[in-house]
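Written out below as structure tokens is the structure these notes cover.
Basis for what follows: all heavy atoms, side chains included, without hydrogens, waters or symmetry-related copies. Counting starts at 1 for both ligands and their atoms, following the listed order.
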Amino acid sequence: MRILGIETSCDETGAAVIEGTTKVKPVKLLSNVLATSLAKHAETGGIIPEIAAREQVKYIIPVIREVLLQAKLNEDKPQIDAIAVTFGPGLIGSLLVGVETAKTLAYLWNIPLIPVNHLYGHIYANWIVANGSWEVEKKALSISYVSRATPRFPAIALVVSGGHTDLVLIKKHGELQVIGGTRDDAAGEAFDKIGRLLGLPYPAGPVIAKLAKNGDPKAFRFPRPMWDSGDYDFSFSGLKTAVLNLVRRNSWQFDEAAKTSSLSFKERESFINNNNKLLVDLCASVQQAIVDVLVSKTVQAVKEFKARSLLLGGGVAANKQLAKAFKNNSQLSILNSQFSVPPPNLCTDNAAMIAAAGFYNDQQVLWKEVTADPELYY
Ligand code: KG4
Ligand code: ZN
């Protein structure tokens, strides 16, 4: 079965084609294209919904054409069996662009439509073989610590994105149960808001991760909120406040970094690395605090639910320190749970994960019945 995936929940416009044979095996990625309006939002510290949607109107058709071309499919009547589209959660204007395009194409090509929850998509990125085979992929990624085998059930998934920090128990395809989530900011949101405090561009997660490489993760002992709360909930707003207090106490040092905001990102980064030890230490300590809480709660869940696989998903899953911390966790190796994290481009928003989720949860509906749902949860 060949599926065209379409993803437009936030600032990205993505299309991908996957091919799957059986649900006990991963799907093959035939082509994957992504256009983003991120550059337009970098300086404002967050996504401007109207701008994102207007850009998506421009990108959607060229992106779909390109993905069909790359998969060597005829654009007039491509040989695909279904279209999977993100119908929520997300920004309403953005979701509408993808949903209405998918409905129109499903009608014109007379093929079924599969509405996909974006959050399921992040989890199902773990079922995609992007480079021909798991072994080739493992080499291409050059990350030896990631398991490249078909996930096994029951599985625990940690979905860490800009809007979500969720722990999900998956008993079988389509049977998902949320066992915990954030009570305030999501992990990605914490990275982004702290980055904003420090004058870093949006999205700040990858920037903080990069700066953290040169910093000391033990330099500041930030709070690990709800570390031992005995449940699977998270809270990151206290961490943000702790950083804010520290920034206020040391404002003269951070002013130097802020003043450099007229420089290009590369220049700013090198300024920060060379001149502001405090900032790189802060980034490393923030990252460590977030990683510690995520790992401790997740490992606890793997233990309690005897999960045979642990799956990461969402933009924050692209964080290398997070993946390393899971891989080096001694409890996890005793539990013999297979650890999987998608390649970075399949952790952040993309359409391949939507097509994959569509393959394993193929609830086809009539095109007329699909509507965008910005508030959708699991
Ligand atoms: O999944 P995603 O692309 O979009 C949403 O569905 O929200 O996640 C975006 C989030 C942003 O908050 C971004 O700062 C964060 O993922 N992120 C990272 C990294 N790459 C992206 N956070 C930490 N380390 C990274 N390497
Ligand atoms: Zn996402």
field: Which atom of F191 lies closest to which atom of A204, heavy atoms considered
entry: O-CB, 3.5 Å

query: Has ligand 1 got any nitrogen or oxygen that is less than 3.5 angstrom from a nitrogen or oxygen of F191?
result: no

query: So, Q300 and E304: side-chain donor and acceptor under 3.5 Å apart, yes or no?
result: no

query: Just checking, any donor-acceptor pair under 3.5 angstrom between side chains of N319 and Q287?
result: yes

statement: Looking only at protein heavy atoms, what sits closest to atom 2 (P) of ligand 1 is D349 OD1, 3.4 Å

- prompt: Does the distance from a Lys or Arg side-chain N to an Asp or Glu carboxylate O, for R196 and D192, drop under 4.0 Å?
  reply: no

message: Does any N or O of ligand 1 fall below 3.5 Å from an N or O anywhere on G205, backbone included?
response: yes

query: Under 3.5 Å, is there a donor-acceptor pair linking the side chains of S235 and D184?
result: yes

- request: Give the numbers and elements of all ligand 1 atoms closer than 4.0 Å to a heavy atom of A318.
  value: 26 (N)

task: Pull out every atom of ligand 1 sitting under 4.0 Å from any heavy atom of G163, numbered as shown with elements.
output: 7 (O)

task: Heavy-atom distances under 4.0 Å are what count here, so tell me which part of H122 touches ligand 1: side chain, backbone, both or neither.
output: side chain

statement: For atom 1 (O) of ligand 1, the closest protein heavy atom turns out to be G315 N, 2.9 Å

field: Within 6.0 Å of NZ in K77, more than 12 heavy atoms from elsewhere
entry: yes

task: Tell me, please, which residues at least two apart from N350 pass side-chain hydrogen bond (donor to acceptor under 3.5 Å, both in side chains).
output: none

- request: Decide whether H164 and Y377 meet the rule of one side-chain donor and one side-chain acceptor closer than 3.5 Å.
  value: no

- prompt: For atom 11 (C) of ligand 1, which protein heavy atom lies nearest, and how many Å away is it?
  reply: D192 OD2, 3.5 Å

Atom indices of ligand 1, in the order listed, that fall short of 4.0 Å to a heavy atom of P203: 13 (C), 14 (O)

message: Testing the basics here: between A289 and P223, what is the closest heavy-atom pair and its distance to 0.1 Å?
response: CB-O, 4.1 Å

query: Is any N, O or S atom of H118 under 2.8 Å away from the Zn ion (ligand 2)?
result: yes

message: Please name the atom of D349, limited to N, O or S, that comes nearest to the Zn ion (ligand 2).
response: OD1

message: Students should be able to answer this: which protein heavy-atom is nearest to atom 24 (N) of ligand 1, and at what distance?
response: N319 ND2, 3.1 Å

- prompt: Near the Zn ion (ligand 2), is there an N/O/S atom from H122 that is less than 2.8 Å away?
  reply: yes

statement: Note: H118, heavy atoms under 4.0 Å from ligand 1, region reported as side chain

message: Looking only at the side chains, is there a donor atom on one of S229 and K297 sitting less than 3.5 Å from an acceptor on the other?
response: yes

- prompt: How close does the nearest protein non-hydrogen atom get to atom 10 (C) of ligand 1, and which residue and atom is it?
  reply: G162 N, 3.6 Å

message: Only heavy atoms of P206, strictly under 4.0 Å: list the atoms of ligand 1 that pass.
response: 14 (O), 17 (N), 18 (C), 19 (C), 20 (N), 21 (C), 25 (C), 26 (N)

- prompt: Does any N/O atom on G188 come nearer than 3.5 Å to any N/O atom on ligand 1?
  reply: yes

- prompt: Under a 4.0 Å heavy-atom limit, does T348 contact ligand 1 with its side chain, its backbone, both, or neither?
  reply: both

- request: Assess the side chains of Q177 and Y378: does a donor N or O sit below 3.5 Å from an acceptor N or O?
  value: no

